[in-house]
Visitor: 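Here's a structure for you.
The analysis underlying the following values was restricted to heavy atoms, covering all of them including side chains, and did not include hydrogens, waters or symmetry mates.
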Amino acid sequence: MQTNGVSSRIMQFIAPEERRRAGIQTPFQRLAQQMQDILGNGGILKEVIRAGDGSPVPRDASVSVHYSGFLEYSDRPFDSTTHLKFPRMVKLGKDVTLCGLELGLLSMRKGEFSRFLFQPDYAFGEMGCPPLIPPAATVLYEVQVLEFLDTAQVDEFFAMSPGEQNSVPLSTLLNVVDTERTFGNRCFNQARYEDAKDRYKQAMTLLQNREPMGKEEKGRVNEAKLPFLLNLSLTYLRLERPQKALQYGERALKISPDNTKALFRCGQASLEMFDYEKAQDYLTMAQAKKPFDADINKLLRRLAVCYKDCLDKEKDMCSKMFPGVKPEN
């Protein structure tokens, strides 16, 4: 980039006083002219590159972001998350250490991509952060909000004592566990199965600790448990722990005996445990509920192949142990 005939690489060695006398603007100064002052004191300047959708990020949210931080005259970021396919959620007020970045995120929406200039007071201060950040450095951040969850209600709930948690309206508890499920599903979709399992089990613990007030509330609590039991069964299958998968699948069947997903999960787990007869029973019941389900029918075909291979191996073993005996047809 050229500035008044002086390259930006050379200009970084010119003292600020000399630049001002010569009327030379730095790259950040030129960029600032097209940016919005979001605080009114010049501390944080913002330029929206691509607008987002929905409401702004709330103050107590957990946010998934891609960002890159740059010093002036540098083409390479000193910090970045863009190499991560699935950046982890960060909790505002806890995990974000840069004041300007947190305030900038509060001005953004889901899907938005923006550029920020943070003055030292909103970045690394007068001392900087040696050796990467020099003293009193203004920094540029490019930020994209991938998604966010408003976790204020969850935070308030976990700050309560067990007795207080049990006394809140059931609707509050259901909102909390639904947020936990959203976190768990996100981890599962990113193949972070251990994290997903922990989220699902935490929600199950909250539901199990609830002391239902009446038959209707008990039914609603059991109904809320069902998706977590099914998700845990599938998660344990991904973790190659079929015995645990079967346990959670059978617990789901106690709540909903005709649940096709639960029957299918139990069939999957039994097949992985080489219990072909039990797998046949579960999958046949699932097929009776959904005779044209492609996944159920595919697993039944796989079961038939595995069972035949098992019988063939038994016959081969018997023929070797008793060479004079012919196997029955």
Visitor: If you measure from OG1 on T151 to CZ on F157, what distance do you get to the nearest 0.5 Å?
Guide: 14.5 Å

Visitor: Assert yes or no for the condition that the ring centre distance of F264 to Y282 is strictly below 6.0 Å.
Guide: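 When the ring centroids of F264 and Y282 are compared, they turn out to be at least 6.0 Å apart.
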
Visitor: Is there a donor-acceptor pair closer than 3.5 Å between any side-chain N or O of N297 and the backbone N or O of P291?
Guide: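 Yes; at least one donor-acceptor contact below 3.5 Å.
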
Visitor: Within 45° of the ring axis of F183 and under 6.0 Å from its six-membered ring centre, is that where the NZ or CZ of R199 lies?
Guide: yes

Visitor: Give a yes or no on whether a salt bridge exists between E47 and R115, defined as a side-chain N under 4.0 angstrom from a carboxylate O.
Guide: yes

Visitor: Output yes when E223 and R220 qualify as a salt bridge under the 4.0 Å nitrogen-oxygen rule, no when they do not.
Guide: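 Answer for the salt bridge query: no.
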
Visitor: Testing the 3.5 Å rule here: is there a donor-acceptor pair between the side chains of Q165 and N209?
Guide: no

Visitor: Could you verify whether a donor N or O on one side chain and an acceptor N or O on the other, from T179 and Q153, lie under 3.5 Å apart?
Guide: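 T179 vs Q153: no donor-acceptor pair found between side chains.
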
Visitor: Please determine if K244 forms a cation-pi arrangement with Y236, meaning its NZ or CZ atom is less than 6.0 Å from the six-membered ring centre and no more than 45° off the ring axis.
Guide: yes

Visitor: Taking the inter-plane angle between the rings of F116 and F118 on a 0 to 90° scale, is it parallel (under 30°), tilted (30 to 60°) or perpendicular (over 60°)?
Guide: parallel

Visitor: For the residue pair Q119 / T138, report whether a side-chain donor-acceptor contact shorter than 3.5 Å exists.
Guide: yes

Visitor: Is there a donor-acceptor pair under 3.5 Å between the side chain of R210 and the backbone N or O of V221?
Guide: no

Visitor: Between Q144 and E112, is there a side-chain donor-acceptor contact under 3.5 Å, judged purely by atom types and distance?
Guide: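 Note: E112 and Q144 side chains miss the donor-acceptor criterion.
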
Visitor: Taking S161's backbone N and O only, do any of them form a donor-acceptor pair with E164's side chain (distance below 3.5 Å, no angle check)?
Guide: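 Between the backbone of S161 and the side chain of E164 there is a qualifying donor-acceptor contact (under 3.5 Å).
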
Visitor: Considering non-hydrogen atoms only, spot the tightest contact between C266 and L253 and give its length.
Guide: SG-CD1, 3.8 Å

Visitor: Looking only at side chains, do D79 and Y141 share a donor and an acceptor under 3.5 Å apart?
Guide: no

Visitor: Can we say K91 and E102 salt-bridge, meaning some charged N sits less than 4.0 Å from an Asp/Glu carboxylate O?
Guide: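 So K91 does not pair with E102 through a salt bridge.
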
Visitor: Does E272 come within less than 4.0 Å of R302, counting only side-chain N to carboxylate O?
Guide: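 Here E272 pairs with R302 in a salt bridge, since their nearest N and O are under 4.0 Å apart.
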
Visitor: Over all heavy atoms of both residues, which pair between Y276 and C306 is shortest? Give the atoms and the distance, please.
Guide: CE2-CB, 3.8 Å

Visitor: Do D178 and R181 meet the salt-bridge criterion of a basic N to acidic O distance under 4.0 Å?
Guide: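 Yes, R181 and D178 are salt-bridged.
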
Visitor: Strictly below 4.0 Å, N to O, side chains only: are R192 and D198 in salt-bridge contact?
Guide: no

Visitor: Compare every heavy atom of S233 with every heavy atom of R265, then report the nearest pair and how far apart it is.
Guide: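 Shortest heavy-atom contact: CB-OG, 3.3 Å.
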
